[in-house]
2 protein chains.
Amino acid sequence: MEKKPWPRPTEAELEILQVLWARGASTVREVNEVLNANREVGYTTTLKLMQIMVEKGLAARDTSTRTHVYTAAVTEQDTQRQLLDKFVDTTFRGAAMKMVMQALGNHQASESELDEIKALIEQLESGQQSGGSGTEA
Amino acid sequence: MEKKPWPRPTEAELEILQVLWARGASTVREVNEVLNANREVGYTTTLKLMQIMVEKGLAARDTSTRTHVYTAAVTEQDTQRQLLDKFVDTTFRGAAMKMVMQALGNHQASESELDEIKALIEQLESGQQSGGSGTEA
DNA sequence: AATTAAATACGAAACTTTTCGTAAAAAATT
DNA sequence: AATTTTTTACGAAAAGTTTCGTATTTAATT
């Protein structure tokens, strides 16, 4: 059972996905209002983008009512993972851990967050059965 | 002394920066050959991009010899930091540590890398004077 | 029922990024 | 010296993304 990967969302599409993830099922008007909290966006602009997103498989819509209701068709996690992979590749030439170090150094982290990360590392180290040596190609 | 920030490199420009960082001073032909190892790119395409990069301040060139020699005008670290900040904002809504966790989970890490990260975290925790509680806005 | 309001559909303009054709200049080769 | 090769310069086509104007449809209001 092959699953065709949906395309990477563009920046504007990602903004809309953020709204759909945060709010759940929403109308174009609702999404547009959230976007307009940050910057001015025309209603039909948002509408068009959301229609495109349906075509691409990034969003789904319920057309049973007059005012269509949209939902994200991709999860936040999957999207973040896909974008992260791409980003690590292009910007850090695949060196994910180098990026992790940069992020730790440049961004504010709370004690609890750091603890969480430490816990994750412990878990990774204990469950590490093979291929753990050296940096990958 | 204000320093005007150079613009974010586009994807194609970033590819070229990677080559310049890896190889150091290079001619258009050299860069183009490296790029062509991955995908077919016309010579004048690469030339044009590199010229644009000079205009933008991303690269510098020595025109004293007939065959111009280009170098990166921005460091890899600064560029990575800038792109990382933007990426965290747009894709993880600023939640850098959430991204760190994803990266740790999704990518292969060696023992030594994990140790390095742990050491960095220890260091961060010891040097943490304020603002450490809760997640940021 | 006529008018106003709200929503979708469609297409194209505007803008950004990438790609390349063609010309001109300079160097190397024959 | 003529020819071929290499390189840069320039401009514009091609492709991708974002924005919005206008028309149409459907619902709500008067």
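Reminder, nothing fancy here: chain letters follow the sequence lines and each chain counts from 1.
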Interatomic distance, [X] [atom1] vs [N] [atom2] [rounded to whole Å]:
{"X": "A/L58", "N": "D/dT17", "atom1": "CG", "atom2": "P", "answer": "11 Å"}
{"X": "A/Q51", "N": "C/dC10", "atom1": "CD", "atom2": "C1'", "answer": "9 Å"}
{"X": "B/R29", "N": "C/dA27", "atom1": "CZ", "atom2": "P", "answer": "17 Å"}
{"X": "B/E15", "N": "C/dT17", "atom1": "CD", "atom2": "P", "answer": "15 Å"}
{"X": "B/N32", "N": "D/dT7", "atom1": "CG", "atom2": "P", "answer": "11 Å"}
{"X": "B/Y70", "N": "D/dT7", "atom1": "OH", "atom2": "P", "answer": "12 Å"}
{"X": "A/E55", "N": "C/dA9", "atom1": "CD", "atom2": "P", "answer": "10 Å"}
{"X": "A/M53", "N": "C/dT8", "atom1": "CE", "atom2": "P", "answer": "15 Å"}

Can you identify which nucleotide, out of [options], has its nearest atom closest to the [X] side chain?
{"X": "B/K48", "options": "D/dT18, D/dG11, D/dT8", "value": "D/dG11"}
{"X": "B/R61", "options": "C/dT18, D/dA9, C/dT8", "value": "D/dA9"}
{"X": "B/H68", "options": "D/dT18, D/dT7, D/dT8", "value": "D/dT8"}
{"X": "A/I52", "options": "D/dA9, D/dT18, C/dT18", "value": "D/dT18"}
{"X": "A/L49", "options": "D/dT18, C/dT18, D/dT7", "value": "D/dT18"}

Report the C-alpha distance between B/R93 and A/E76 in whole Å, list the side-chain angles of each, state the deciding distance to 0.1 Å, and finish with yes or no for salt bridge (charged side-chain N to carboxylate O under 4.0 Å, His left out).
-> CA-CA 11 Å; B/R93 285 187 249 182; A/E76 183 170 20; 3.2 Å; yes
Just to be sure I understand the rule, does [X] reach a base, reach only the sugar-phosphate, or reach nothing, if contact means heavy atoms closer than 4.0 Å?
{"X": "A/R39", "value": "sugar-phosphate"}
{"X": "B/E11", "value": "sugar-phosphate"}
{"X": "A/T45", "value": "base"}
{"X": "A/T44", "value": "base"}

Where B/L20 and B/Y70 come nearest, the two heavy atoms and their spacing = CD2-O, 3.8 Å
To the nearest 0.5 Å, how far apart are OG1 in B/T27 and CG in B/D62?
-> 12.0 Å
C/dT8 phosphate, OP1 or OP2: any side-chain N/O from A/Y43 under 4.0 angstrom?
-> yes
Is B/R8 atom CZ crowded by more than 12 heavy atoms from other residues, nucleotides or ligands, each under 6.0 Å away?
-> no
Is B/R61 atom CZ crowded by more than 12 heavy atoms from other residues, nucleotides or ligands, each under 6.0 Å away?
-> yes
Starting from the 5' end of DNA chain D, give me the residue, B/R66 or B/T63, whose nearest nucleotide shows up first.
-> B/R66
